[in-house]
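For reference, the structure is listed below as structure tokens.
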Amino acid sequence: MSTPDFDALFRAAGVNGWLHAVDVDSGREIGHGADVPLPTASMFKVPLLVEFCRQADAGLLDPAGRMTVPATGRSSGPTGISAMLDEVTLSLRDMAYLMIAVSDNGSADVLLAEVGREAVNTMLAALGLHGTRVLQSCQEFNDSMRDDAGHPWPFVDPDDIARLSALDPQRTNRSTPREMAELFGLIWRDEAASAESCAWMRAALNKQVWPHRLASGFPYDDVAVSGKTGTAPTLRTESGVVEYPDGRRYAVAVFTRSFSTALNQPRADAVIGTAARMAVDHLRK
């Protein structure tokens with residue numbers, strides 16, 4: 001069986017692309033640059049979610065415990081408590097939901113401070129995910145882009161893009177397509193945390209509101225797509241799980257870097273779904 005021509009697909013969409021797809025239960029897999037270290041952007045919120053649940057399982061934190069976040073000083077962003085104007089009081093569990101469903105930076109940074117980034121990295125190492133690391137909060141990620149470019153958002157000048165440490169996997173939150181797919185597989189097999197916590201994580205990831213990347217490749221009422229996107233200048237990515245009505249399920253991670261620095265790139269978004277569909281179709285044959 002011939003391997004799909006992912007190079008041609010990504011090139012036609014104006015991007016470089018990397019991916020990994022694996023049958024969650026059989027382990028059958030297909031990859032394209034699957035072990036290349038890449039920035040994760042907001043996909044770092046998935047390992048943070050896992051460590052949050054593991055600490056809840058261990059009784060180290062109360063997921064229903066409420067925390068008040070002041071109106072000032074919270075991480076910037078266009079969604080969730082980041083976009084709100086007033087003081088907010090939420091449970092840690094609801095912040096975790098917002099962090100995943102709408103990629104809320106404010107909630108993510110509250111949880112990262114509560115859980116501890118070293119704890120996240122220790123957990124990743126224990127799971128054998130040695131290429132995945134959390135080095136920055138959302139605020140630190142955003143501040144680094146402003147400092148590197150010498151001005152605030154947006155960053156569209158190629159010279160600015162070339163200076164962004166947020167796009168250097170050695171200096172920012174990072175993973176590989178293989179390891180992101182592996183992490184999702186662990187969640188779907190109840191191996192990342194307790195069965196109860198894994199079920200809750202699956203439900204939260206299934207509530208992600210963005211349909212324009214991974215889910216766009218599977219526009220069927222009987223196919224469930226759960227995932228988490230990541231976005232930075234020239235970077236668009238998503239990792240998740242595709243579940244078919246026959247019970248087969250596939251963890252998929254697709255990373256892209258666009259040739260253009262334009263902010264709006266629908267072809268780059270759509271090719272994530274197309275590439276994922278090609279990979280899953282290959283595994284299903």
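Residues take their numbers from the sequence shown, with the count starting at 1.
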Checking side-chain polar atoms at under 3.5 Å, does [X] have a donor or acceptor matched by the opposite partner on [Y]?
| X | Y | value |
| --- | --- | --- |
| Asp57 | Ser194 | yes |
| Trp210 | Glu238 | no |
| Thr40 | Asn173 | no |
| Ser165 | Asp148 | yes |
| Asp109 | Ser75 | yes |
| Ser103 | Lys228 | yes |

Before accepting this row, confirm whether a basic side-chain N of the pair [X]/[Y] lies closer than 4.0 Å to the acidic partner's carboxylate O.
| X | Y | answer |
| --- | --- | --- |
| Asp190 | Arg202 | yes |
| Arg277 | Asp281 | yes |
| Arg117 | Glu140 | yes |
| Arg178 | Asp35 | yes |

With a 4.5 Å limit on heavy-atom distance, are the side chains of [X] and [Y] in contact?
| X | Y | result |
| --- | --- | --- |
| Glu243 | Trp188 | yes |
| Phe6 | Ile30 | yes |
| Leu183 | Pro47 | yes |
| Val252 | His20 | no |
| His282 | Pro4 | yes |
| Trp200 | Arg93 | yes |

A quick test of your reading: do over 12 heavy atoms of other residues, nucleotides or ligands sit less than 6.0 Å from CD of Glu87?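 Yes, the 6.0 Å shell around CD holds more than 12 heavy atoms from other groups.
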
Atom CG of Asn264 with >12 non-hydrogen neighbours under 6.0 angstrom: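 No, CG of Asn264 has 12 or fewer neighbouring heavy atoms, counting only those of other groups under 6.0 Å.
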
Mind running side-chain hydrogen bond (donor to acceptor under 3.5 Å, both in side chains) on Tyr244 and Arg284 for me, showing each step along the way? CA-CA 10 Å; Tyr244 277 74; Arg284 287 179 66 79; 4.6 Å; no

When rounded to the nearest 0.5 angstrom, what is the spacing between [atom1] in [X] and [atom2] in [Y]?
| X | Y | atom1 | atom2 | answer |
| --- | --- | --- | --- | --- |
| Ile81 | Asn105 | CD1 | CG | 9.5 Å |
| Thr256 | Ile272 | OG1 | CD1 | 4.5 Å |
| Leu129 | Leu186 | CG | CG | 6.5 Å |
| Arg146 | Leu164 | CZ | CG | 12.5 Å |
| Leu167 | Leu235 | CG | CG | 6.5 Å |
| Phe10 | Leu19 | CZ | CG | 5.0 Å |

Is a donor on one side and an acceptor on the other found under 3.5 Å between the side chain of [X] and the backbone of [Y]?
| X | Y | value |
| --- | --- | --- |
| Arg189 | Phe184 | no |
| Asp222 | Pro245 | no |
| Thr261 | Val156 | yes |
| Asp23 | Arg28 | no |
| Thr122 | Glu118 | yes |
| Arg66 | Leu92 | no |
| Arg236 | Phe255 | no |
| Glu179 | Gly131 | yes |
| Arg54 | Met123 | no |
| Ser144 | Phe141 | yes |

Looking at Ile100 and Gln208, what are the two nearest heavy atoms and their distance?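 Shortest heavy-atom separation between Ile100 and Gln208 comes out as O-CG, 4.0 Å.
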
If you look at every heavy atom in Pro63 and Ser91, which pair is closest and at what distance?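 Of all heavy-atom pairs spanning Pro63 and Ser91, the closest is O-CB, 3.8 Å.
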
Under the criterion side chain to side chain contact (heavy atoms under 4.5 Å, CB included), I'd like the reasoning laid out for Glu51 against Leu112: C-alpha separation, chi angles, the key distance, then a yes or no. CA-CA 10 Å; Glu51 179 58 19; Leu112 185 61; over 6 Å; no

Can you get from Leu98 to Phe44 by hopping between Ile, Leu, Val, Met, Phe, Trp and Tyr side chains that sit under 4.5 Å apart?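 Same cluster: Leu98 reaches Phe44 through Ile, Leu, Val, Met, Phe, Trp or Tyr contacts under 4.5 Å.
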
Please say which of Val241, Asp25, Leu283 ends up in a side-chain contact (heavy atoms from CB on, under 4.5 Å) with Tyr250.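 Among the candidates, only Leu283 passes.
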
Is there a side-chain hydrogen bond (donor to acceptor under 3.5 Å, both in side chains) between Thr231 and Arg213 once you walk through the steps? CA-CA 11 Å; Thr231 307; Arg213 292 184 183 168; 3.0 Å; yes

Can you label the angle between the Phe155 ring and the Trp153 ring as parallel, tilted or perpendicular, going by 30° and 60°?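 It falls in the perpendicular class, over 60°.
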
